[in-house]
Every structure is written in structure tokens, then in C-alpha cells.
Protein chains: 2
Amino acid sequence: MLTHAAEDYLKSIYKLQEKVGKVSTGILAEYLNVKPASATGMIKKLKTMKLVKHERYQGVTLTDTGKAIALEIIRHHRLLELYLFKALGVPWDGVHEEAEKLEHVISEDVEARMDEFLGYPTADPHGAPIPDKNGVVIKRTSIPMTDLCSGQSCVVAEVSDTDSALLRHLGSFNLYPGTAFRVIEVAPFEGPFTIDIAGHQVVIGREVAKHIFVDDVKE
Amino acid sequence: MLTHAAEDYLKSIYKLQEKVGKVSTGILAEYLNVKPASATGMIKKLKTMKLVKHERYQGVTLTDTGKAIALEIIRHHRLLELYLFKALGVPWDGVHEEAEKLEHVISEDVEARMDEFLGYPTADPHGAPIPDKNGVVIKRTSIPMTDLCSGQSCVVAEVSDTDSALLRHLGSFNLYPGTAFRVIEVAPFEGPFTIDIAGHQVVIGREVAKHIFVDDVKE
DNA sequence: TATATAATTTAGGTATGCCTAAATTAATTT
DNA sequence: AAATTAATTTAGGCATACCTAAATTATATA
């Protein structure tokens, strides 16, 4: 069986692969709040287990086995987040941290029961897709909010789940996945967005907008 | 913060103190499936943290702080067992193992939410008392089933939770906490018990009976 | 009381996973 | 192309928590 640390590495490699493409030792270390030397060590270990491919100075890639494990952990994490949110009423800015600990110890049996309770959901409380039991992920087509122009209408698809202060902030505006809004104005020179949510006018800073992904609503 | 291993030691010391009085290094090691030398090492560590009192060759005792932590972990464990059983339908012979992993990572917040969901219960699915938030445990007055004589009526109060084959066996007879039965016959020479449960006649071996605790029903 | 047995502790070793500092390799600048 | 800078790896160390084997201390028996 894998250690918690090894599982975290696989999960992080998967996520970084999605986000930035090539995963260097340095990027990985930074993401995990660990020194590059420590990442090198774990990468070597994962390589002997045939969970990653790695050539010196060329970055890491997951093998099929490694990817399957990464997706399994991500599934644990996101199902747990949704379960904590829906079944126990944990506020959405707290579920990430909680799930981070539980994802390594939850059994497949308990997970299956939560999945059933939730009605086999496909997205967590932040809108991130939940891989199914076979590791199949539904691809999102969302665009970053920063790509929007004045007048465009859209629906929140996903928000970054790691910063709980940000989540509380978004929650106060009702900016949950599924919420529709329209861009009233985009201030020039990388300025903030003024948007309309259910008749209320709200200003969203550019830094915040970077963490919001939306589905464009045609006409 | 304490390591999982340290928490397990404190919990085990508390349970053994209840069951056998004095807790020797050897008894503790055996209970934790660890060699005595390893127990010595951890005891020393817990002593420097002022969580246990210990004199060489004289056994271990919990300090007030140590006892409070032990009760907190036990509370986590038993609330989790009941939650898994009631909210997710995990069979009672599986909840112990599951809770054993979760008890070290569950937050006070999530625990409080489970507690509320369950209506502030006082016993887990095996009948063991759940300490309250302040570490107060309701003392049981149950007697071992092996103390019963022919003709006595009683109600199951608690059964040992560690052996899942035993629990499946008891479950097949409906021998859950709260179930009433009457002793029809006690076979001589340490023989089995024949009992009546809701009109059905069932034979319970002596070894099994040792793991069942009952409340005597007067009259 | 002396000796044998049992319990406990010490000593030394393993593996994980982190660290810092130094060495190496790659990439960028001039 | 040479030199500087940045990224990565190696080397050596620390803490946890386990192990076995040997030494010590306590207890029971003759």
C-alpha cells in the first residue's frame, strides 16, 4: 500500500499536468510546500514503483497505473467534499481542508455509500469534476472569468478550492457553481469586473476573477 | 500535535486501565500488537509530554491531560462508528475498523455535526458508552453473560467490537444491544447457554458469551 | 537464600520523509 | 563561446516509530 505522502505526490502531479502541462521537480515541490530535493527523493521512489516516468531534468509524467491512483484519490477528495457539504452542512470554505485528511483513509465501501447517498454526482461543491469509479473524468469547457467582456452572460462553473478566505468572499456574493451573472463593465488597465448577480451589482477584483471559471451563455 | 501512534497508546492505556486495572508494558504491547521494547519507547515519550505517569517496572497510568485526550479519541471512535452505522448503513461488523482510521483525522467541527445529526447519542452500535464533549462517561452496570443462570431474563447492553466474525455471528441471532432474551438452560461444566430470543431458541457457546454484557431484568 | 524464570529496559538497526548544503547540469546572457 | 544564473540532484542529517537481541531487574520456586 502507498503512503499518504506518495498519494499526495501522485495527486499533485496529475493536477499540475492538467494546469501547466510539463511538471518539473521545482514546480511540484513548490506546489507541495516541500524543498526540491525532497521532491527528487519521492520521484525516485515512485519511479521504482512504476507509478511515474522521469528523466533527469526533464520533469515527471504519470504512468497509467500512477494516473489511475491519482484519479482515485481525487475522486475520494471530491466526493468527500460534497458529502461533508450536503450531508453534514460543512461550509464550502471548510470542506477542502477536511477532505485533504480524510481522502487517504476512507474505504471504497464507505465511499460507495456516500456516492449512492449523493445520487452519483459529477461535480464537487467548487464545481470540480468528480472522476467516476473507473477514473473517467468529464472534461470541462469552462473559460476563466478574466476572458469575459462587457455585456456577456455566463454561469459559474468552477472556483479554486484551496483558499478558504476567497471562498467565503465569493459565498457572500452567492457566487457558487450554477449561479448566473452578466458582466456590466470591465475596467481598463487590468481593472476589476462589475457584474450583475440576480439584480445586485457586485465588483470583483481581477485577482479574484482569475480563480473563477465560467460557462459562456449564448444569447 | 500528537501522532496517531501516541493517540493509540493513550486510548489503549485507558481501555486496559478499565479492563484489567494495572497496565504493564507487556500487556500494553500485546494489546497494540507491538513488541514490549517499542511500548517502553513510546511510554518514555508520553512521559516527557506529561501524558502518563510511569515508574520502571511499575506500569503506566494516565495523567489528567492524558486521560482527557484518551477520552476524546474514544469519543471520536464511537461517534464515528454510530454515524457510519446509522447515516451510511455500514454493517456493525465493519464500523470498528473504519472508525479506527478516521478517529485520528476527524475535526471537532465535523464531529459536532455528526453528534447533532445523531441526536447526541450515549452509546455506539456495540453498546459502548460515548463520552460527552467534556469527557464524561456514563458508567455501565452491566454484567457478563457468563454470570447468568437458568431462567434469568435480561437485555443485551454491550458486545465486544473488535472481532467482526463474532459480530456477524451475533447479528445472525439478532443479538444487538437492546435485544431482550431469557436463559433457558446453562449446560454444566462450562458448557454453552441455551437462550430464548423472541420465541426462537438459540445456543450460545461459552467463549462467545464472554464477549456479551447484559443488564439483568428484575422479575 | 540461591537460582531459575519472567518482565522490562537498553542498545543498535530499519524505513519513511523531511531538511540543508554542496555539487552538478541546463539555460540564459553577453 | 564563456560566464553567469537557475534548476536539479546528491550527500549527509534529523525525527518518528517500528524491530531484534542483549542486558538488567523483579519475582517465583526450590
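Each chain gets a letter, A, B and so on, in the order the sequences are listed, and its residues count up from 1.
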Whole angstrom is fine here: how far is it from [atom1] in [X] over to [atom2] in [N]?
| X | N | atom1 | atom2 | value |
| --- | --- | --- | --- | --- |
| Y9(A) | dT16(C) | OH | P | 14 Å |
| Q58(A) | dT24(C) | CD | C1' | 15 Å |
| K45(A) | dT9(D) | NZ | P | 15 Å |
| K47(A) | dT9(D) | NZ | P | 10 Å |
| I43(B) | dT10(C) | CD1 | P | 11 Å |
| L28(A) | dT9(D) | CG | C1' | 15 Å |
| K35(A) | dG12(D) | NZ | P | 22 Å |
| L2(A) | dG17(C) | CG | P | 9 Å |

Worksheet item: If you draw a 6.0 Å radius around CD in E18(A), do more than 12 non-hydrogen atoms from other residues or ligands fall strictly inside?
Response: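 Result for CD/E18(A): enclosed.
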
Practice prompt. Give a yes or no on whether K101(B) atom NZ has more than 12 heavy-atom contacts from other residues, nucleotides or ligands under 6.0 Å away.
Written response: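 Correct, the count exceeds 12.
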
Compare the minimum distances between each of [options] and the side chain of [X], then state the nucleotide with the smallest one.
| X | options | answer |
| --- | --- | --- |
| A37(A) | dT8(C), dT9(D), dT10(C) | dT9(D) |
| T25(A) | dT10(C), dT9(D), dT10(D) | dT9(D) |
| R56(B) | dC19(D), dT10(C), dC19(C) | dT10(C) |
| Y57(A) | dT25(D), dT9(D), dA21(D) | dT9(D) |

Discussion item. For a salt bridge (Lys or Arg N to Asp or Glu O under 4.0 Å) check, start with the C-alpha distance between R75(B) and E108(B), then their side-chain angles and the critical distance, and finish with the verdict.
Written reply: CA-CA 11 Å; R75(B) 174 172 158 81; E108(B) 294 301 315; 5.7 Å; no

Touch class at under 4.0 angstrom, heavy-atom based, for [X] against every strand present:
| X | value |
| --- | --- |
| H54(B) | sugar-phosphate |
| T40(B) | base |
| S38(A) | base |
| A5(A) | sugar-phosphate |

Worksheet item: In terms of the nearest nucleotide of DNA chain C, which residue is placed more toward the 5' end: S24(B) or A39(A)?
Response: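 So the residue in question is S24(B).
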
Item to complete: Look at the side chain of S160(B) and the backbone N and O of H211(B), then say whether any donor-acceptor pair between them is shorter than 3.5 Å.
Response: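 Side chain of S160(B) to backbone of H211(B): no pair is present.
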
Worksheet item: Okay, side chain of N134(A), backbone of V136(A): is any donor-acceptor separation there less than 3.5 Å?
Response: no

